[in-house]
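Some notes on the structure that comes next.
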There are 2 protein chains.
Amino acid sequence: MNILLVHAHPERTSVTHQLAGISSEVLKGQGHEVVQSDLYAMGWKAVFDEQDFPSRANRDRLSFIEESGHAFANGGQTADVEEEQRKLLAADAVILHFPLWWFSMPAIMKGWVDRVWAYGLAYGYRGAGNAHRYGEGGFAGKRALLAVAVGGPEIDYSPRGINGPLEQLLFPITHGTLFFPGMQVLPTFAVYGAAGLDDRGMAEASAAWRGRLDRLFEDAPIAFRPQNGGDYPDRHVLADHVAPGRTGLAAHIAEAGESRRVRPGD
Amino acid sequence: MNILLVHAHPERTSVTHQLAGISSEVLKGQGHEVVQSDLYAMGWKAVFDEQDFPSRANRDRLSFIEESGHAFANGGQTADVEEEQRKLLAADAVILHFPLWWFSMPAIMKGWVDRVWAYGLAYGYRGAGNAHRYGEGGFAGKRALLAVAVGGPEIDYSPRGINGPLEQLLFPITHGTLFFPGMQVLPTFAVYGAAGLDDRGMAEASAAWRGRLDRLFEDAPIAFRPQNGGDYPDRHVLADHVAPGRTGLAAHIAEAGESRRVRPGD
């Protein structure tokens, strides 16, 4: 299989960098092809701006959606964006390694998403607006997994922890960024207390991570509800009989034992 | 009052830019002092990296927490970061204007937070770790408000909408980034369908926004629970009697009619 590792920490001794190193070693050892995007080492341009569109559809007004679609459709993207899209399209699985900064990705990785997730590919797939999203789209058939280094203690991210549950804080990424263009997203791997991890803690985290890597193509993905699987008959809102009476992010995850409709292609 | 406007869109005709212009006009008209951080126009450096720490505490290993704390405490920050902190510390209210990209801020604004929210100021306030956070901290006493341009329709962000409720998608920002260092955060102002807004839609959005600006210092903030107000007796987890049986992001917002403890200083 082909695996893309994207990582966002410049310090080689950081938990993020160490786990990315383990990913490369373990996955290559299993016979996979591993490709890396070490964003800091690449000097990745984080800011999505007019430089991303050397050939403008409209010189008078910069619409990111319009220019992204135009550039993607007409071979007018920058070389760095095209290269990342090539890596993504060749990948069977994508692992994003990053430290949790302000409950989200570092800016350099957000800018990787902002720039690489083009209109026509990751949204407005094939120009069809929102017809294909959440389980379908340009990255369908791929697996995705976040490996996150978290400074604080696990209890702060527990179901009633003060920060909010980690999986809900990361929902804009797992559901909104990865599942949206079709990826199957595995439950997040987190190392807590990463700011003060001692050798023993790092050894435990490494062992746990190796276990997750061993099951990269076997673990069940998060049961996000596909848009076109029947749970959203109008493509906008949950049907009344689905997660009845519930609101909020967790309603978009099917519960164990809940009957799931099978969508075309499953 | 002093108001800081931070905005993140390079196109002057964008909804984001237009609303920021209205903010400036209306607030100045009310006699407030308005300061702007137009991040694209400033060429804001989005990536938080070793260049942020000209005088390192530790040359051998880059720890962002350690170096941020060292630089903040010793006058060793870069001039651009110091200037943004000066603007923030002088402000009575901060308005963040941005387009919603992948259910979060554009990278350039995330990088403004990553770099400006220093250890000792926005977290680890006064070196006291997590003793002062969520309602207390370096930005206590200030109001904050997000003004977000959203490409999609409102129904997709409704309580059972397919994207998840907007206020929960933005929780890492409202709660985790703004309330964490002590700001009182107002309910988010959103313009939906921003990608295809016609003149009438823009006029309606502008009128609604003017109304919100008029009430900037009067509207009630989101009732996020302060860490040290009694709802988190151990500073980590909700007490059993608070939002009993509930989990998830919404449990951290006090419900109308719920008795609130008063914390010192309120």
Are the aromatic ring centres of Phe224(B) and Tyr134(B) under 6.0 angstrom apart? no
Is it the side chain or the backbone of Ile65(B) that comes within 4.5 Å of chain A heavy atoms, both, or neither? side chain
Who among Phe103(B), Trp101(B), Tyr40(B) has the most heavy-atom pairs with chain A under 4.5 Å? Trp101(B)
In terms of side-chain geometry, is the basic nitrogen of Asp49(A) or Arg115(A) positioned less than 4.0 Å from the acidic oxygen of its partner? no
Ring centre gap for Tyr119(A) and Phe72(A) strictly below 6.0 Å: no
Which atoms of Phe64(A) approach chain B - backbone, side chain, both or neither, heavy atom under 4.5 Å: side chain
Can you label the angle between the His175(B) ring and the His252(B) ring as parallel, tilted or perpendicular, going by 30° and 60°? tilted
Taking the six-membered ring for Trp, are Tyr192(B) and Tyr157(B) parallel (under 30°), tilted (30 to 60°) or perpendicular (over 60°)? tilted
Name the option with the most non-hydrogen atom pairs under 4.5 Å to chain B; the candidates are Asp156(A), Val237(A), Leu170(A), Asn130(A). Asp156(A)
Looking at Ile108(B), Thr13(B), Leu169(B), which has the largest count of heavy-atom pairs under 4.5 Å with chain A? Thr13(B)
Under 4.5 Å from any heavy atom of chain B, what part of Arg235(A) do you find: side chain, backbone, both or neither? backbone
Mind ranking Ala243(B), Gly129(B), Ala8(B) by heavy-atom pairs under 4.5 Å with chain A and telling me who comes out on top? Ala243(B)
Of the listed Pro165(B), Gly152(B), Gly111(B), the one with the largest count of heavy-atom pairs under 4.5 Å with chain A is Pro165(B)
Comparing His9(A), Glu66(A), Glu50(A), Met109(A) against chain B, the one with the most heavy-atom pairs below 4.5 Å turns out to be His9(A)
Please say whether more than 12 non-hydrogen atoms of neighbouring residues, nucleotides or ligands are located less than 6.0 Å from CZ in Arg12(A). no
Using a strict 4.0 Å threshold on nitrogen-to-oxygen distance, state whether Glu67(B) and Arg61(B) make a salt bridge. no
With side chains defined as the heavy atoms from C-beta onward, is the minimum distance between Leu249(A) and Leu249(B) less than 4.5 Å? yes
Does atom CG (Asp234(A)) have a neighbourhood of more than 12 heavy atoms from anything else shown, all under 6.0 Å? yes
Taking side chain as C-beta onward, heavy atoms only, is Thr177(A) less than 4.5 Å from Phe171(A)? no
Is it the backbone or the side chain of His236(A) that comes under 4.5 Å from a heavy atom of chain B, or both, or neither? both
Applying a strict 4.5 Å limit to non-hydrogen atoms, the region of Pro99(A) in contact with chain B is neither
Which one wins on heavy-atom pair count under 4.5 Å against chain A: Ala46(B), Ser63(B), Ser158(B), Gly161(B)? Gly161(B)
With only heavy atoms counted, which part of Phe180(B) is less than 4.5 Å from chain A, the side chain, the backbone, both or neither? side chain
Heavy-atom pairs under 4.5 Å with chain B are the metric here; pick the option from Ala122(A), Pro106(A), Pro172(A) that has the most. Pro172(A)
Of the backbone (N, CA, C, O) and the side chain (C-beta and beyond), which part of Gln227(B) lies under 4.5 Å from a heavy atom of chain A, both, or neither? both
Interface residue of largest heavy-atom contact number with chain B, from Glu11(A), Arg133(A), Arg160(A), Glu167(A), under 4.5 Å: Arg160(A)
Answer yes or no: are there more than 12 heavy-atom neighbours, outside Asp198(A) itself, under 6.0 Å from its atom CG? yes
What part of Trp112(B) lies closer than 4.5 angstrom to a heavy atom of chain A: side chain, backbone, both or neither? neither
Salt-bridge present (Lys45(A), Asp114(A); N to O < 4.0 Å): no
Would you mind checking which part of Ala194(B) comes under 4.5 Å of any heavy atom in chain A, side chain (CB onward), backbone (N, CA, C, O), both or neither? neither
Check each atom of Phe48(A) against the heavy atoms of chain B and say whether the ones under 4.5 Å are side chain, backbone, both or neither. both
So which residue, Trp44(A), Tyr232(A), Tyr123(A), ends up with the most heavy-atom pairs under 4.5 Å with chain B? Tyr232(A)
Looking only at Gly248(A), Ala251(A), Ala250(A), most heavy-atom pairs under 4.5 Å shared with chain B are made by Gly248(A)
Using non-hydrogen atoms only, which part of Met105(B) is less than 4.5 Å away from chain A: side chain, backbone, both, or neither? backbone
Please examine the side chains of Leu19(A) and Met202(A), heavy atoms only from C-beta on, and report whether any two atoms are closer than 4.5 Å. yes
